[in-house]
There are 2 protein chains.
Amino acid sequence: MVRGTMAQTESLATDDLMTIGQMCETFGVTPRTLRFYEAKELVAPLRTGTRRLFTRRCRARLKLILQGKRFGFSLEDIRQLLDLYDLGDSQATQIMRTRALALERLAAMEAQRAELDAAIADLKDQLARTDTLLAQREAE
Amino acid sequence: MVRGTMAQTESLATDDLMTIGQMCETFGVTPRTLRFYEAKELVAPLRTGTRRLFTRRCRARLKLILQGKRFGFSLEDIRQLLDLYDLGDSQATQIMRTRALALERLAAMEAQRAELDAAIADLKDQLARTDTLLAQREAE
DNA sequence: CGAAAAGTTGACGTTTGCGTAAGGTTGACG
DNA sequence: CGTCAACCTTACGCAAACGTCAACTTTTCG
């Protein structure tokens, strides 16, 4: 429907409307995920009857969403950030707000990394002791 | 009950039975947590009527539990490991099993660390760009 | 003795981010 | 024209680890 049927694949560059299936393949997510994001107002695809059509804008947003997730933001955080993004085109207060949240997140992530590093070190330590034990038993 | 009342605090070294409250303070957990762990058969405190009395053994187990959590093991994993620990005193197969799980966990943790590092780097990148934007606006 | 503090057992609630049917419609292809 | 794949909505499930009442009993302290 997006265009001639067999032209769908090639039309991706031309046409900026994608079906849910195409989106899933492109971004490596499930349909459920996209519908869920829509329900949470993270994306707002068009419709052809009941069928969703994802615009270029949806794709841009989805990219940001997936990035945000990598950074450990919750979907709710991401929604708010996306809203800020939309609201005005780069007003200082909004950039600052985003920045603040990003810095917070960064701090949290670095703290988490520190903990993780410590835990890794401790676990390695434990393993070393286990190895020692095994070696002793072997020696008998 | 554990001993004379005002002697409770000092008796910690002598007496190896602790109330749930003492445990909580010692380990920084809530009563709910300890009852939950008991329900999950991670610890098995004695009773005085209905009241729990945590033994030295309970404390040793709790320590291991909290360690295990730091390492990212699930409570179920931890329960199994504790059972192994109890079963025999250091039979080779059991040590090996523990080792295997630990190595798995270690790999997972290091993978997670790598991801986290990448995410941190990316987020810093984003921040740098935001800074650039802000600087430009400032310049106007 | 009498009240406050501490402990007890249920049992339902919370959180996040989807997974997973169930059952129905639509559109494209041979 | 039939059918099959892709899509739709609705709604319950889940998973871990406790939190949070509610309603009692038991200690402990003044």
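Chain identifiers are assigned alphabetically (A, B, ...) following the order of the sequence lines, protein sequences preceding nucleic acid strands; residue numbering begins at 1 within each chain. All values below were derived from every heavy atom in this structure, side-chain atoms included, with hydrogens, water molecules and symmetry-related copies excluded.
Atom CG in L46(B) sits about 13 Å away from atom P in dT8(C), given to the nearest Å. If you take CD1 of I20(B) and P of dC18(D), they are 13 Å apart, rounded to a whole angstrom. Between the CG atom of L66(B) and the C1' atom of dA17(D) there is a distance of 13 Å, given to the nearest Å. Atom pair R52(B):CZ and dT27(D):C1' shows a separation of 16 Å (rounding to whole Å applied). Rounded to whole Å, atom C1' of dT8(C) lies 11 Å from atom CD of E38(B). When the P atom of dG7(C) is taken as reference, atom CD of Q22(B) falls 8 Å away, rounded to whole Å. Separating the CG atom of L34(A) from the C1' atom of dA6(D) is a distance of 14 Å, rounded to the nearest angstrom. L53(B) has its CG atom 11 Å from the P atom of dG7(C), to the nearest Å.
Checking dC18(D), dT8(C), dG17(C) against every side-chain atom of L75(A), the shortest atom distance belongs to dG17(C). Closest to the side chain of R51(A), from the set dA17(D), dG17(C), dC8(D), is dC8(D). For T19(B), the listed nucleotide lying nearest its side chain is dG7(C); candidates were dG7(C), dC7(D), dC12(D). Comparing dT20(C), dA6(C), dC7(D) against the side chain of R32(A) picks out dT20(C) as the nearest. In the set dT27(D), dT9(C), dT9(D), the nucleotide with an atom closest to the side chain of R47(B) is dT9(C).
Heavy-atom neighbours of R97(A) CZ from other residues, nucleotides or ligands within 6.0 Å: at or below the threshold of 12. For E41(A), the CD atom counts as loosely surrounded, since its 6.0 Å shell holds 12 or fewer non-hydrogen atoms of other residues, nucleotides or ligands. Shown here is E115(A), whose CD atom has no more than 12 heavy atoms of other residues, nucleotides or ligands within 6.0 Å. Enclosure of atom CD in E110(A) by more than 12 non-hydrogen atoms of other residues, nucleotides or ligands within 6.0 angstrom is indicated.
Phosphate proximity of dG17(C) to T33(A): absent, as no side-chain N or O sits under 4.0 Å from OP1 or OP2. Look at Y37(B) and you'll find a side-chain N or O under 4.0 angstrom from OP1 or OP2 of dC18(D).
Pairing of dG30(C), defined by two Watson-Crick or G-U wobble distances under 3.5 Å, is identified with dC1(D).
Residue order along DNA chain D, read from the 5' end via each residue's closest nucleotide, puts S74(B) first among T50(B) and S74(B).
R35(B) comes within 4.0 angstrom of a base, heavy atoms only.
The side-chain contact (heavy atoms from CB on, under 4.5 Å) test with L53(B) singles out one residue from D16(B), I20(B), T48(B), and that residue is T48(B).
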